[in-house]
There are 2 protein chains.
Amino acid sequence: MAKENQELRKVGLKVTLPRIKILQVLESAAEHHMSVEDVYKALLDAGEDVGIATVYRTLTQFEGAGLVTRHHFDEDHSVFELNRGDHHDHMVCVESGKVIEFYSDEIETLQKKIAEEHEFDLIGHTLILYVKPKK
Amino acid sequence: MAKENQELRKVGLKVTLPRIKILQVLESAAEHHMSVEDVYKALLDAGEDVGIATVYRTLTQFEGAGLVTRHHFDEDHSVFELNRGDHHDHMVCVESGKVIEFYSDEIETLQKKIAEEHEFDLIGHTLILYVKPKK
DNA sequence: CTAATTGCAAAAGCTTTGCAGCGCA
DNA sequence: TGCGCTGCAAAGCTTTTGCAATTAG
């Protein structure tokens with residue numbers, strides 16, 4: 001599978017086994033959002049012998065390279081999500097912990113408008129809806 | 001000043017000197033958003049002799065009691081803001097670190113609508129706009 | 001008086017870093 | 001071959017916790 005190699009080369013990172021493996025974990029994960037622990041355990045489960053320090057370093061590098069995005073759904077752990085080229089925000093169910101992705105053009109537009117009204121350019125944003133199932 | 005005493009009693013917390021002092025710091029601070037360190041230093045500067053553990057415990061209790069709200073503008077430190085009864089979101093200038101509060105009825109409404117469309121009730125949300133000054 | 005609260009210091013995470021050895025280009 | 005990368009273990013940070021002394025009601 002040369003796909004990972006290309007992705008790494010494209011962002012100027014050396015193609016190494018740990019990096020390829022971490023990319024593969026993120027690409028094939030059932031859950032798009034994984035913590036460092038999640039990734040680390042997935043690697044161990046797959047029989048890979050990487051240190052958790054490498055997972056930390058690698059995910060941080062991937063973030064810097066724009067390969068992944070870091071989220072903070074709860075105040076502790078970061079979770080990482082592979083960038084698939086589409087922007088979206090998140091809805092987190094407070095009961096099940098399930099994460100749902102959504103996108104609202106209207107909200108995006110309003111955010112930009114609000115920033116402009118204050119004489120600012122919008123660089124980025126964090127929007128998380130905390131929800132629970134309707135009864 | 002009995003105002004703090006009442007606020008504490010109202011939420012069922014014993015009225016103690018550290019709690020009163022911490023409330024006063026939050027009420028009189030120039031900046032609405034303070035980290036544990038900020039509060040701790042303000043207390044020391046005021047000549048108060050409290051342990052930082054107490055500041056952590058107290059702010060967490062205040063949060064549980066609804067007296068303050070905890071925010072995570074950057075991924076490290078929490079910052080706390082005294083609840084003054086109005087809901088608002090935040091805009092953070094990535095250059096100066098300045099925090100601006102804003103409120104958009106339209107965004108609030110859209111959020112609720114989006115949650116509903118997914119068969120959820122909206123419990124809360126986090127919205128932070130990262131901005132920089134227009135050139 | 002009794003239970004809650006506090007301060008100190010130790011413990012507990014999670015994350016980062018130093019360094020020697022290993023691996024990619 | 002040379003520089004970057006990795007693993008390990010140690011160090012760092014922020015936050016939490018145990019406990020004896022103190023304080024509020």
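What you see is a predicted model, and the numbers here were worked out from it, not measured in a lab. Letters A, B, ... are given to chains in the order of the sequence lines, protein chains preceding strands, and every chain is numbered from 1.
- When heavy atoms are screened at a 4.0 angstrom cut-off, A:Arg57 is found touching base atoms of the nucleic acid.
- Considering only heavy atoms from C-beta on, B:Phe62 comes within 4.5 Å of B:Leu13 through its side chain.
- If you find the closest nucleotide of DNA chain C to B:Asp49 and to A:Thr60, the one lying nearer the 5' end belongs to B:Asp49.
- Atom CD1 in A:Ile52 sits about 12 Å away from atom C1' in C:dT16, given to the nearest Å.
- Rounded to an integer number of Å, the gap from A:Phe80 CZ to C:dT15 C1' is 11 Å.
- Between B:Pro18 and A:Val15, the residue anchored closer to the 5' end of DNA chain C is B:Pro18, taking for each the nucleotide with the nearest heavy atom.
- Nucleotide C:dA4 holds its P atom 12 Å from the CD atom of B:Gln61, rounded to whole Å.
- Look at CG on B:Leu17: it is 11 Å from C1' on D:dA24, rounded to the nearest Å.
- When rounded to the nearest whole Å, the span between CG of B:Leu13 and C1' of C:dA4 equals 11 Å.
- Going from atom CD of A:Glu48 over to atom P of D:dC5 covers 19 Å, rounded to whole Å.
- Both B:Arg70 and B:Arg9 lie close to DNA chain D; mapped to their nearest nucleotides by heavy-atom distance, the more 5′-ward contact belongs to B:Arg70.
- Set against C:dT6, C:dC24, D:dG7, the side chain of A:Lys14 has C:dC24 as its closest nucleotide.
- In terms of position on DNA chain D, the residue among A:Tyr40 and A:Gly12 whose nearest nucleotide sits closer to the 5' end is A:Gly12.
- Taking the six-membered ring for Trp, A:Phe73 and A:His33 have ring centres closer than 6.0 Å.
- Proximity note for B:Arg19 (side chain, C-beta onward) versus C:dA25, C:dT6, D:dT6: the nearest is C:dT6.
- Candidate nucleotides D:dT14, C:dT5, C:dT15 were compared by shortest atom distance to the side chain of A:Tyr56, and C:dT15 ranks first.
- Nearest nucleotide to the B:Thr16 side chain, out of D:dC19, C:dT5, D:dG7: C:dT5.
- For the residue pair A:Glu75 and B:His71, no side-chain donor N or O sits within less than 3.5 Å of a side-chain acceptor on the partner.
- The NZ atom of A:Lys21 sits 14 Å away from the P atom of D:dT6 (whole-angstrom rounding).
- Ionic pairing of A:Lys112 and A:Glu108 is not present here: no N-O contact between side-chain nitrogen and carboxylate oxygen is shorter than 4.0 angstrom.
- In this structure, B:Glu75 atom CD and C:dT15 atom P are separated by 10 Å, rounded to whole Å.
- By the 4.5 Å heavy-atom criterion applied to side chains, B:Met91 and B:Glu101 are not counted as neighbours.
- Residue A:Val50 is classed as a sugar-phosphate contact, given heavy-atom separations below 4.0 Å to backbone atoms only.
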